[in-house]
> 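Below is a structure I'd like to ask you about.
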Amino acid sequence: MLTLTGPEPPSVPDQAAILGEGLGRALTTDVPLEAYREQLLAAGLDPAFAEIVVNGSRTVARGGNARITQQVEQVLGRPPRTFSTWVHDHRAAFA
């Protein structure tokens with residue numbers, strides 16, 4: 001199993017700020033996990049899968065993904081881009 005990361009581990013609030021800057025609007029990440037679960041269920045996700053997603057979000061919020069690997073470079077043969085660069089390169093897809 002691969003863990004693909006960029007060259008830095010931005011937090012979820014940092015990612016939202018970077019993405020919001022690229023889109024020219026403010027984004028928020030302060031959705032309580034229970035509300036997130038309800039939104040996932042309302043969107044039609046299977047309850048067991050919604051629970052996995054919520055638990056993963058809890059892990060990320062606690063810093064559980066704050067690590068950097070070299071696997072992007074190993075797979076692609078080039079260094080990974082920063083999240084900011086990725087947003088800049090793909091912002092048209094989010095508009």
Side-chain angles (χ1 to χ4, degrees):
M1 183 160 106
L2 297 174
T3 300
L4 304 175
T5 71
E8 81 274 320
S11 68
V12 172
D14 290 342
Q15 289 174 347
I18 292 166
L19 186 56
E21 184 179 309
L23 295 173
R25 62 180 185 249
L27 301 177
T28 183
T29 62
D30 60 349
V31 177
L33 290 177
E34 186 56 40
Y36 184 38
R37 178 184 292 106
E38 293 304 317
Q39 291 171 352
L40 294 172
L41 294 173
L45 267 69
D46 178 88
F49 184 70
E51 194 62 32
I52 291 168
V53 172
V54 169
N55 286 336
S57 296
R58 183 178 294 112
T59 299
V60 168
R62 292 177 179 161
N65 69 330
R67 66 186 183 128
I68 298 171
T69 72
Q70 304 304 312
Q71 293 175 344
V72 165
E73 189 161 4
Q74 292 167 354
V75 171
L76 298 180
R78 63 160 177 79
R81 295 178 287 177
T82 65
F83 186 69
S84 180
T85 298
W86 182 86
V87 168
H88 180 269
D89 291 350
H90 294 88
R91 70 175 166 227
F94 299 110

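These numbers come from the heavy atoms of this one structure, side chains and all, not from hydrogens, waters or symmetry mates.
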> For the CD1 atom of Ile52 and the OG atom of Ser57, what is their distance to the nearest 0.5 Å?
12.0 Å
> Could you pull out the closest heavy-atom pair between Arg67 and Pro9, with the gap in Å?
N-CB, 4.1 Å
> In terms of heavy-atom contacts, does CZ of Arg78 have more than 12 from other residues, nucleotides or ligands at under 6.0 Å?
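Yes.
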> Where is the tightest heavy-atom contact between Glu8 and Phe83, given as atom of each residue plus distance?
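Heavy atoms of Glu8 and Phe83 come nearest at OE2-N, 3.3 Å.
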> Measure the shortest side-chain to side-chain distance between Thr82 and Pro7 over non-hydrogen atoms and say whether it is less than 4.5 angstrom.
yes
> Drop me the distance from Arg37's CZ to Asn55's CG, to the nearest 0.5 angstrom.
7.0 Å
> Does Asp14 have any salt bridge (Lys or Arg N to Asp or Glu O under 4.0 Å) partners at least two apart in sequence or in another chain, and if so, which?
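Not a single residue meets the salt bridge (Lys or Arg N to Asp or Glu O under 4.0 Å) criterion with Asp14.
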> Same cluster for Leu4 and Ile68 if Ile/Leu/Val/Met/Phe/Trp/Tyr side chains link at under 4.5 Å?
no
> List the atom of Ala50, the atom of Leu41, and the distance in Å for their closest heavy-atom pair.
CB-CD2, 3.9 Å
> Heavy-atom count check: over 12 atoms from other residues, nucleotides or ligands less than 6.0 Å from Gln15 CD?
yes
> Determine whether Thr5 and Pro80 make a side-chain contact, defined as any pair of heavy atoms from C-beta on separated by less than 4.5 Å.
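When only atoms from C-beta onward are counted, Pro80 and Thr5 do not touch, as no gap falls below 4.5 Å.
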> Kindly give the heavy-atom pair with the smallest separation between Leu23 and Arg91, and that separation in Å.
CD2-O, 4.1 Å
> For the atom pair CD (Gln74) and OG1 (Thr69), what is the distance rounded to the nearest 0.5 Å?
7.5 Å
> Please give the remaining members of the hydrophobic cluster of Leu40, linking ILVMFWY side chains under 4.5 Å, ordered by chain and number.
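Result for Leu40 is Val31, Leu33, Tyr36, Leu45, Phe49, Val53, Val54.
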> Is a side-chain N or O of Thr29 found less than 3.5 angstrom from the main chain of Val12, in a donor-acceptor match?
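Answer holds: no.
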